[in-house]
Amino acid sequence: MKKLSMEDLNRISVEEFRQADKLPLVVVLDNVRSMNNIGSVFRTSDAFRVEKICLCGITACPPHRDIHKTALGAEESESWEYFDETSECIESLKRQGYRVYAVEQVDESVMLDEFETQSGTPTAIVFGNEVEGVDEEVIPLCDGCIEIPQFGTKHSLNISIAAGILIWEMWRKLH
């Protein structure tokens with residue numbers, strides 16, 4: 001067994017990435033404060049060819065060296081858009097035909113392993129602030145909430161971890 005080199009991995013260029021078919025998934029960041037988390041979401045989104053990232057509220061935008069530190073250039077390949085308010089973003093996505101789901105623990109959330117996507121319908125997933133989660137005013141604007149099953153003593157996951165889990169699962173279901 002040998003570790004693969006960059007040449008062995010045969011990765012596509014940024015230009016080829018921009019032209020490639022994308023997963024019909026938009027990731028929405030609702031007031032995410034950590035630039036390391038933002039960069040991680042860019043990198044994971046690039047890995048699974050997510051269609052676009054929407055940065056909302058206090059969420060920082062590229063270019064920024066602290067985002068680049070974890071994105072490692074994915075902020076150059078991945079499409080993104082900024083909205084002052086997350087509600088504006090969700091309204092825009094819904095007008096475009098997206099089903100929008102918050103990743104949040106609510107009384108009517110659907111566990112990720114039980115979540116069913118609608119074939120042929122583009123999907124958006126909203127991740128919230130590291131402390132407050134998805135804003136209370138944003139949740140009713142969504143078509144539903146997805147919850148990641150957890151079995152330990154803590155009640156939440158870091159947003160970059162939650163995004164990795166959700167994006168992988170959406171890739172598995174939509175690809």
Side-chain angles (χ1 to χ4, degrees), residues 22-112 115 117 122-150 154-171:
K22 302 294 186 296
L23 186 67
L25 177 68
V26 170
V27 172
V28 178
L29 300 183
D30 173 33
N31 292 303
V32 173
R33 62 182 164 80
S34 166
M35 288 189 250
N36 289 328
N37 284 335
I38 297 163
S40 292
V41 170
F42 267 91
R43 193 162 160 193
T44 302
S45 295
D46 173 281
F48 294 100
R49 291 191 191 168
V50 165
E51 184 180 324
K52 179 171 68 172
I53 300 172
C54 294
L55 308 169
C56 305
I58 67 165
T59 307
C61 298
H64 195 286
R65 69 182 185 96
D66 289 337
I67 292 173
H68 180 74
K69 193 183 304 182
T70 50
L72 295 178
E75 72 278 26
E76 301 296 323
S77 57
E78 189 63 44
S79 294
W80 62 272
E81 186 174 359
Y82 176 78
F83 291 85
D84 287 327
E85 300 289 332
T86 306
S87 58
E88 292 173 38
C89 174
I90 292 172
E91 290 166 7
S92 173
L93 289 167
K94 286 187 155 200
R95 281 192 304 273
Q96 296 171 59
Y98 285 83
R99 300 277 297 171
V100 180
Y101 299 93
V103 180
E104 191 56 83
Q105 298 164 329
V106 300
D107 59 347
E108 296 180 24
S109 61
V110 175
M111 291 298 165
L112 178 59
F115 177 74
T117 58
T123 303
I125 49 177
V126 182
F127 295 94
N129 177 274
E130 291 88 343
V131 176
E132 302 297 325
V134 176
D135 190 289
E136 287 273 350
E137 294 176 10
V138 169
I139 291 170
L141 303 175
C142 297
D143 295 299
C145 290
I146 303 169
E147 184 175 337
I148 300 170
Q150 297 173 56
K154 299 301 173 196
H155 68 279
S156 66
L157 295 166
N158 179 281
I159 183 202
S160 65
I161 301 301
I165 292 168
L166 258 291
I167 292 169
W168 159 251
E169 187 64 14
M170 295 305 286
W171 183 87

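For the numbers below, each heavy atom of this structure counts, side chains included, while hydrogens, waters and symmetry mates do not.
- To the nearest 0.5 Å, the span separating SG on Cys56 from CG on Asp84 amounts to 9.5 Å.
- Checked against side chain to side chain contact (heavy atoms under 4.5 Å, CB included), Ile165 has the following partners two or more places apart in sequence or in another chain: Leu112, Ile148, Leu157, Ile161.
- Ser45 contributes atom OG, which lies 4.0 Å from atom CD1 of Ile167 (distance to the nearest 0.5 angstrom).
- Interatomic distance, Phe48 CZ to Glu169 CD, rounded to the nearest 0.5 Å: 11.0 Å.
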**OP:** Please test Val110 against Ile146 for side chain to side chain contact (heavy atoms under 4.5 Å, CB included), starting from the C-alpha separation and ending with a verdict.
**Re:** CA-CA 5 Å; Val110 175; Ile146 303 169; 5.6 Å; no

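- Ile159 and Gly128 get closest at one heavy-atom pair: CD1-O, 4.1 Å.
- Considering only heavy atoms from C-beta on, Leu29 comes within 4.5 Å of Val41 through its side chain.
- Judged as a salt bridge (Lys or Arg N to Asp or Glu O under 4.0 Å), the pairs with a partner in residues 134-147 (not counting sequence neighbours) are, in order, Lys94-Asp143, Arg99-Asp143.
- Here the CD1 atom belonging to Ile38 is positioned 8.5 Å from the OG1 atom belonging to Thr70, to the nearest 0.5 angstrom.
- For Tyr101, the ring pair (Phe, Tyr, Trp, His ring centres under 6.0 Å) partners are Phe115, not counting sequence neighbours.
- Between the side chain of Tyr98 and the main chain of Ile125, no donor-acceptor pair closer than 3.5 Å is present.
- Not counting sequence neighbours, Ala47 has no partner by the side chain to side chain contact (heavy atoms under 4.5 Å, CB included) test.
- Between Trp171 and Val50 there is no side-chain heavy-atom pair separated by less than 4.5 Å.
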**OP:** Check the pair Ile90 / Phe83 against side chain to side chain contact (heavy atoms under 4.5 Å, CB included), numbers first and verdict last.
**Re:** CA-CA 10 Å; Ile90 292 172; Phe83 291 85; over 6 Å; no

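- Leu93 has its side chain within reach of Cys89: a pair of non-hydrogen atoms, C-beta onward, lies under 4.5 Å apart.
- A 4.5 Å side-chain heavy-atom check between Leu55 and Val28 finds every atom pair outside the cut-off.
- Residues forming a side chain to side chain contact (heavy atoms under 4.5 Å, CB included) with Ile139 (at least two apart in sequence, or on another chain): Glu104, Val106, Val134, Cys145.
- Rounding to the nearest 0.5 Å places CD1 of Ile53 at 9.0 Å from OG of Ser79.
- Other residues, nucleotides and ligands place more than 12 heavy atoms under 6.0 Å from the CD atom of Gln150.
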Original post:
Could you walk me through whether Cys54 and Trp80 pass the side chain to side chain contact (heavy atoms under 4.5 Å, CB included) check?
Top reply: CA-CA 6 Å; Cys54 294; Trp80 62 272; over 6 Å; no

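- Pairs of residues two or more places apart, or lying in two chains, that qualify as salt bridge (Lys or Arg N to Asp or Glu O under 4.0 Å) and include a residue from residues 63-77 are Asp66-Lys69.
- With sequence neighbours excluded, the residues forming a side-chain hydrogen bond (donor to acceptor under 3.5 Å, both in side chains) with Ser160 are Asn158, listed by chain and number.
- Screening residues 46-62 for salt bridge (Lys or Arg N to Asp or Glu O under 4.0 Å), with sequence neighbours left out, gives Lys52-Glu81.
- No side-chain heavy atom of Thr59 sits under 4.5 Å from any side-chain heavy atom of Asp30.
- When the side chain to side chain contact (heavy atoms under 4.5 Å, CB included) test is applied to Asp107, no partner is found at least two apart in sequence or on another chain.
- How far CG of Asn31 is from CZ of Arg33: 11.5 Å, rounded to the nearest 0.5 Å.
- Residues that satisfy the side-chain hydrogen bond (donor to acceptor under 3.5 Å, both in side chains) test with Thr44, not counting sequence neighbours, are absent from this structure.
- Considering only residues two or more places apart in sequence or on other chains, Gln96 meets the side-chain hydrogen bond (donor to acceptor under 3.5 Å, both in side chains) condition with Ser92.
- Contact of the His68 side chain with the Pro63 side chain is not registered, since no non-hydrogen atoms from C-beta on lie closer than 4.5 Å.
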